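For reference, the structure discussed in these notes is given below.
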Amino acid sequence: ADRYTEIQSKNGSALLHNMREKAYEVYNRIGIPTQRHEEWKYTRLNPLVNKNYNFQNAPLPSVGIIDDVRLQQSPAAELFFINGIFVKEISSFNNDALVVLSLTEAAESEYKNYIEKHLGHSSKYMKDGMNALNTDFIANGLFVLIKKHKIIEQPIYIYHIKDTSADHVFVQPRSLFVVEENAKLLFVDTYKYNGLPELFTNEIIEQNRKRL
(Lines give C-alpha, C1' and ligand atoms only; values in the text may rest on other atoms or scores of the structure.)
Protein backbone atom coordinates (compact mmCIF):
# COMPACT_ATOMS: atom_id res chain seq x y z
CA ALA A 1 0.00 0.00 0.00
CA ASP A 2 2.85 2.41 0.82
CA ARG A 3 4.58 1.77 -2.51
CA TYR A 4 1.30 2.22 -4.41
CA THR A 5 0.68 5.54 -2.62
CA GLU A 6 4.22 6.68 -3.42
CA ILE A 7 3.80 5.95 -7.14
CA GLN A 8 0.42 7.67 -7.24
CA SER A 9 1.83 10.80 -5.64
CA LYS A 10 4.97 11.01 -7.80
CA ASN A 11 3.64 10.04 -11.24
CA GLY A 12 2.08 13.05 -12.96
CA SER A 13 0.05 11.29 -15.67
CA ALA A 14 -3.69 11.54 -14.92
CA LEU A 15 -4.35 8.70 -17.35
CA LEU A 16 -2.02 6.27 -15.57
CA HIS A 17 -3.15 7.57 -12.18
CA ASN A 18 -6.77 6.62 -12.94
CA MET A 19 -5.75 3.24 -14.37
CA ARG A 20 -3.76 2.38 -11.24
CA GLU A 21 -6.61 3.53 -9.00
CA LYS A 22 -9.13 1.22 -10.70
CA ALA A 23 -6.69 -1.70 -10.58
CA TYR A 24 -6.03 -1.10 -6.88
CA GLU A 25 -9.76 -1.35 -6.19
CA VAL A 26 -9.91 -4.64 -8.13
CA TYR A 27 -6.88 -6.05 -6.31
CA ASN A 28 -8.30 -5.17 -2.89
CA ARG A 29 -11.57 -6.87 -3.85
CA ILE A 30 -10.27 -10.14 -5.34
CA GLY A 31 -6.72 -10.42 -3.99
CA ILE A 32 -4.05 -12.93 -5.00
CA PRO A 33 -5.35 -15.97 -6.96
CA THR A 34 -5.60 -19.23 -5.03
CA GLN A 35 -5.78 -22.86 -6.13
CA ARG A 36 -9.56 -22.46 -6.28
CA HIS A 37 -9.04 -20.43 -9.47
CA GLU A 38 -8.91 -22.72 -12.51
CA GLU A 39 -5.88 -21.01 -14.10
CA TRP A 40 -3.91 -21.28 -10.83
CA LYS A 41 -5.02 -24.66 -9.47
CA TYR A 42 -1.51 -26.14 -9.76
CA THR A 43 0.29 -23.06 -8.41
CA ARG A 44 0.53 -21.92 -4.79
CA LEU A 45 1.28 -18.21 -4.70
CA ASN A 46 0.92 -17.54 -0.96
CA PRO A 47 4.49 -18.67 -0.08
CA LEU A 48 5.76 -16.18 -2.67
CA VAL A 49 3.68 -13.15 -1.77
CA ASN A 50 3.93 -13.50 2.01
CA LYS A 51 7.44 -12.07 2.08
CA ASN A 52 8.92 -8.63 2.53
CA TYR A 53 10.15 -7.40 -0.85
CA ASN A 54 12.21 -4.38 -1.73
CA PHE A 55 10.45 -2.10 -4.23
CA GLN A 56 13.28 0.42 -4.48
CA ASN A 57 14.83 1.08 -7.88
CA ALA A 58 18.11 -0.73 -8.44
CA PRO A 59 21.24 1.22 -9.42
CA LEU A 60 22.31 1.11 -13.04
CA PRO A 61 24.33 -2.05 -13.69
CA SER A 62 28.02 -1.99 -14.52
CA VAL A 63 29.20 -1.95 -18.11
CA GLY A 64 30.40 -5.53 -17.59
CA ILE A 65 26.91 -6.78 -16.69
CA ILE A 66 25.38 -4.93 -19.63
CA ASP A 67 27.94 -6.35 -22.06
CA ASP A 68 27.45 -9.83 -20.57
CA VAL A 69 23.70 -9.85 -21.25
CA ARG A 70 23.90 -8.40 -24.77
CA LEU A 71 23.16 -10.71 -27.68
CA GLN A 72 25.92 -10.55 -30.26
CA GLN A 73 23.83 -9.61 -33.26
CA SER A 74 22.79 -6.41 -35.01
CA PRO A 75 19.47 -5.33 -33.40
CA ALA A 76 16.90 -2.75 -34.42
CA ALA A 77 16.80 -1.68 -30.78
CA GLU A 78 18.18 -2.63 -27.37
CA LEU A 79 15.75 -1.85 -24.55
CA PHE A 80 16.74 -2.34 -20.90
CA PHE A 81 14.60 -3.01 -17.85
CA ILE A 82 16.33 -2.79 -14.46
CA ASN A 83 14.21 -4.46 -11.75
CA GLY A 84 11.10 -3.96 -13.83
CA ILE A 85 11.73 -0.29 -14.73
CA PHE A 86 12.40 0.70 -18.36
CA VAL A 87 15.68 2.64 -18.43
CA LYS A 88 15.80 4.85 -21.49
CA GLU A 89 19.27 6.23 -20.67
CA ILE A 90 21.05 2.95 -21.48
CA SER A 91 18.69 1.82 -24.25
CA SER A 92 19.23 2.43 -27.96
CA PHE A 93 16.64 2.61 -30.75
CA ASN A 94 17.89 4.45 -33.81
CA ASN A 95 15.19 3.40 -36.24
CA ASP A 96 12.71 5.79 -37.85
CA ALA A 97 10.07 3.05 -38.00
CA LEU A 98 9.96 2.84 -34.20
CA VAL A 99 8.59 5.05 -31.47
CA VAL A 100 10.05 4.07 -28.09
CA LEU A 101 8.96 5.83 -24.90
CA SER A 102 8.30 5.02 -21.29
CA LEU A 103 4.60 4.50 -20.57
CA THR A 104 4.62 7.74 -18.55
CA GLU A 105 6.10 9.70 -21.47
CA ALA A 106 3.65 8.15 -23.93
CA ALA A 107 0.66 8.95 -21.70
CA GLU A 108 1.66 12.63 -21.71
CA SER A 109 2.51 12.91 -25.42
CA GLU A 110 0.89 12.85 -28.84
CA TYR A 111 0.66 9.05 -28.43
CA LYS A 112 -1.72 9.32 -25.49
CA ASN A 113 -4.58 7.89 -27.57
CA TYR A 114 -2.67 4.60 -27.99
CA ILE A 115 -2.36 4.30 -24.21
CA GLU A 116 -6.04 5.10 -23.70
CA LYS A 117 -7.15 2.55 -26.27
CA HIS A 118 -4.78 -0.36 -25.70
CA LEU A 119 -3.10 -0.29 -22.29
CA GLY A 120 -4.98 -2.46 -19.81
CA HIS A 121 -6.62 -4.58 -22.52
CA SER A 122 -5.17 -7.71 -20.87
CA SER A 123 -7.54 -7.26 -17.91
CA LYS A 124 -10.42 -8.27 -20.19
CA TYR A 125 -9.13 -11.85 -20.36
CA MET A 126 -6.78 -11.96 -17.34
CA LYS A 127 -9.36 -11.34 -14.64
CA ASP A 128 -7.22 -12.00 -11.61
CA GLY A 129 -5.31 -10.24 -8.87
CA MET A 130 -1.91 -10.68 -10.52
CA ASN A 131 -2.97 -8.57 -13.50
CA ALA A 132 -4.44 -5.96 -11.15
CA LEU A 133 -1.29 -6.02 -9.01
CA ASN A 134 0.92 -5.31 -12.02
CA THR A 135 -1.37 -2.46 -13.08
CA ASP A 136 -1.18 -0.99 -9.56
CA PHE A 137 2.48 -0.21 -10.21
CA ILE A 138 2.38 1.01 -13.82
CA ALA A 139 4.77 3.93 -14.11
CA ASN A 140 7.97 3.65 -16.11
CA GLY A 141 7.05 0.69 -18.28
CA LEU A 142 7.69 0.47 -22.02
CA PHE A 143 5.69 1.74 -25.01
CA VAL A 144 6.73 0.70 -28.53
CA LEU A 145 4.91 1.74 -31.70
CA ILE A 146 5.82 0.25 -35.08
CA LYS A 147 4.58 2.53 -37.83
CA LYS A 148 2.35 1.34 -40.67
CA HIS A 149 3.86 -0.46 -43.68
CA LYS A 150 7.25 -0.80 -41.94
CA ILE A 151 9.12 -4.11 -41.94
CA ILE A 152 11.81 -4.27 -39.28
CA GLU A 153 14.21 -7.02 -40.29
CA GLN A 154 16.47 -6.91 -37.21
CA PRO A 155 15.06 -8.07 -33.87
CA ILE A 156 14.23 -5.80 -30.97
CA TYR A 157 16.05 -7.07 -27.89
CA ILE A 158 14.49 -6.45 -24.49
CA TYR A 159 16.94 -7.08 -21.65
CA HIS A 160 15.61 -7.67 -18.15
CA ILE A 161 18.36 -7.24 -15.56
CA LYS A 162 17.29 -8.24 -12.05
CA ASP A 163 19.49 -7.15 -9.13
CA THR A 164 18.72 -8.94 -5.86
CA SER A 165 22.16 -8.44 -4.33
CA ALA A 166 20.75 -6.37 -1.44
CA ASP A 167 17.30 -7.85 -0.75
CA HIS A 168 14.33 -9.83 -2.06
CA VAL A 169 12.90 -7.96 -5.05
CA PHE A 170 9.36 -7.82 -6.45
CA VAL A 171 9.36 -6.43 -10.00
CA GLN A 172 6.38 -5.42 -12.14
CA PRO A 173 7.50 -4.98 -15.79
CA ARG A 174 4.80 -3.69 -18.16
CA SER A 175 5.11 -3.30 -21.93
CA LEU A 176 2.71 -2.16 -24.64
CA PHE A 177 3.54 -2.96 -28.28
CA VAL A 178 1.35 -1.48 -31.03
CA VAL A 179 1.97 -2.76 -34.56
CA GLU A 180 0.19 -0.68 -37.20
CA GLU A 181 -1.18 -1.87 -40.56
CA ASN A 182 1.06 -4.08 -42.68
CA ALA A 183 3.99 -3.71 -40.26
CA LYS A 184 6.19 -6.51 -38.96
CA LEU A 185 8.75 -7.00 -36.21
CA LEU A 186 10.40 -9.61 -34.00
CA PHE A 187 11.23 -9.02 -30.35
CA VAL A 188 13.29 -11.19 -28.01
CA ASP A 189 13.23 -11.14 -24.19
CA THR A 190 16.51 -11.92 -22.39
CA TYR A 191 17.01 -12.18 -18.61
CA LYS A 192 20.03 -11.65 -16.39
CA TYR A 193 20.02 -12.21 -12.62
CA ASN A 194 22.50 -10.74 -10.16
CA GLY A 195 22.31 -11.80 -6.51
CA LEU A 196 21.12 -14.63 -4.27
CA PRO A 197 17.95 -13.36 -2.49
CA GLU A 198 14.58 -14.24 -3.98
CA LEU A 199 13.04 -12.55 -7.00
CA PHE A 200 9.32 -12.44 -7.77
CA THR A 201 8.56 -11.21 -11.30
CA ASN A 202 4.99 -10.37 -12.31
CA GLU A 203 5.26 -9.31 -15.97
CA ILE A 204 2.65 -8.29 -18.54
CA ILE A 205 3.34 -7.66 -22.23
CA GLU A 206 0.35 -6.31 -24.15
CA GLN A 207 0.29 -6.36 -27.93
CA ASN A 208 -2.08 -4.84 -30.45
CA ARG A 209 -1.80 -5.60 -34.15
CA LYS A 210 -3.87 -3.41 -36.49
CA ARG A 211 -5.04 -5.05 -39.70
CA LEU A 212 -6.58 -3.64 -42.85
Side-chain angles (χ1 to χ4, degrees), residues 7 11 13 15-16 19-20 22-23 26-27 32-33 39-40 43 45 48 55 57-58 69-71 75-88 90-93 95 97-107 109 111-147 150 152 154-162 169-181 183-193 199-211:
I7 290 177
N11 189 277
S13 168
L15 175 58
L16 297 185
M19 190 174 294
R20 286 191 297 265
K22 291 177 182 177
V26 171
Y27 178 75
I32 293 293
E39 296 86 352
W40 299 92
T43 306
L45 292 175
L48 295 176
F55 285 85
N57 295 344
V69 75
R70 273 196 169 111
L71 298 174
E78 290 185 311
L79 310 176
F80 285 86
F81 279 85
I82 310 300
N83 281 4
I85 303 297
F86 172 56
V87 184
K88 193 173 180 179
I90 59 174
S91 299
S92 60
F93 36 90
N95 190 309
L98 289 174
V99 175
V100 178
L101 299 168
S102 73
L103 285 175
T104 300
E105 288 176 322
S109 73
Y111 303 103
K112 177 181 178 180
N113 61 312
Y114 290 97
I115 303 299
E116 289 178 316
K117 186 173 182 180
H118 302 300
L119 187 65
H121 176 77
S122 59
S123 64
K124 296 178 181 179
Y125 55 88
M126 295 172 61
K127 298 181 181 297
D128 61 42
M130 296 305 290
N131 183 284
L133 184 62
N134 180 283
T135 306
D136 288 346
F137 296 101
I138 285 180
N140 293 318
L142 172 64
F143 169 75
V144 177
L145 170 66
I146 299 86
K147 299 177 182 179
K150 297 295 184 180
I152 301 178
Q154 296 82 13
I156 295 173
Y157 291 131
I158 304 176
Y159 301 109
H160 297 268
I161 298 177
K162 314 294 179 64
V169 174
F170 191 20
V171 299
Q172 309 285 311
R174 187 65 166 256
S175 303
L176 174 62
F177 280 75
V178 179
V179 183
E180 295 198 313
E181 294 92 343
K184 182 180 178 181
L185 84 157
L186 170 69
F187 68 89
V188 179
D189 277 315
T190 301
Y191 297 82
K192 173 71 174 180
Y193 302 92
L199 170 72
F200 186 4
T201 299
N202 179 28
E203 179 178 5
I204 295 178
I205 301 175
E206 297 187 294
Q207 303 173 55
N208 181 269
R209 173 71 184 268
K210 296 183 179 181
R211 295 180 175 88

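Note that the structure is a prediction, hence the values are computed from the model and not measured.
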**OP:** Output all residues satisfying side chain to side chain donor-acceptor pair (under 3.5 Å) with K147, sequence neighbours left out; order by chain, then residue number.
**Re:** none

Original post:
When the ring planes of F200 and F170 are compared, do they come out parallel, tilted or perpendicular, using 30° and 60° as the limits?
Top reply: parallel

Original post:
Hey, which of V100, L119, V178 is the one that makes side-chain contact (heavy atoms from CB on, under 4.5 Å) with F143?
Top reply: V178

Original post:
Does a side-chain N-to-carboxylate-O contact under 4.0 Å join K150 and E180?
Top reply: no

**OP:** Consider only side-chain N and O atoms of T135 and R174, and report whether a donor and an acceptor are under 3.5 Å apart.
**Re:** yes

Original post:
Within the distance-only criterion (no hydrogens, no angle test), does the side chain of D128 pair as donor or acceptor with the backbone N or O of N131 below 3.5 angstrom?
Top reply: yes

**OP:** State which residues pass ring-ring contact (aromatic ring centres under 6.0 Å, His included) with Y191; sequence neighbours excluded, sorted by chain then number.
**Re:** H160

Subject >> With S91 via side chain to side chain donor-acceptor pair (under 3.5 Å) - residues at least two apart >> reply: none

**OP:** For the residue pair Y27 and I32, establish whether any side-chain heavy-atom pair is separated by less than 4.5 Å.
**Re:** yes

Original post:
If every non-hydrogen atom of N134 is compared with every non-hydrogen atom of Q172, which pair is closest and at what distance?
Top reply: CA-OE1, 3.1 Å

**OP:** Kindly indicate, with the supporting measurements, whether the criterion side chain to side chain contact (heavy atoms under 4.5 Å, CB included) is fulfilled by T190 and I158.
**Re:** CA-CA 6 Å; T190 301; I158 304 176; over 6 Å; no

Original post:
Donor-acceptor pair, N140 side chain versus I85 backbone, under 3.5 Å?
Top reply: no

Original post:
Can you find a heavy atom in the side chain of F187 that is under 4.5 Å from one in the side chain of V144?
Top reply: no

Subject >> Residues in ring-ring contact (aromatic ring centres under 6.0 Å, His included) contact with Y111, at least two apart in sequence or another chain >> reply: none

**OP:** Not counting sequence neighbours, which residues clear side chain to side chain donor-acceptor pair (under 3.5 Å) with K162? List them please.
**Re:** T201

**OP:** With sequence neighbours left out, write down each residue that passes side chain to side chain donor-acceptor pair (under 3.5 Å) with N95, or none if nothing qualifies.
**Re:** none

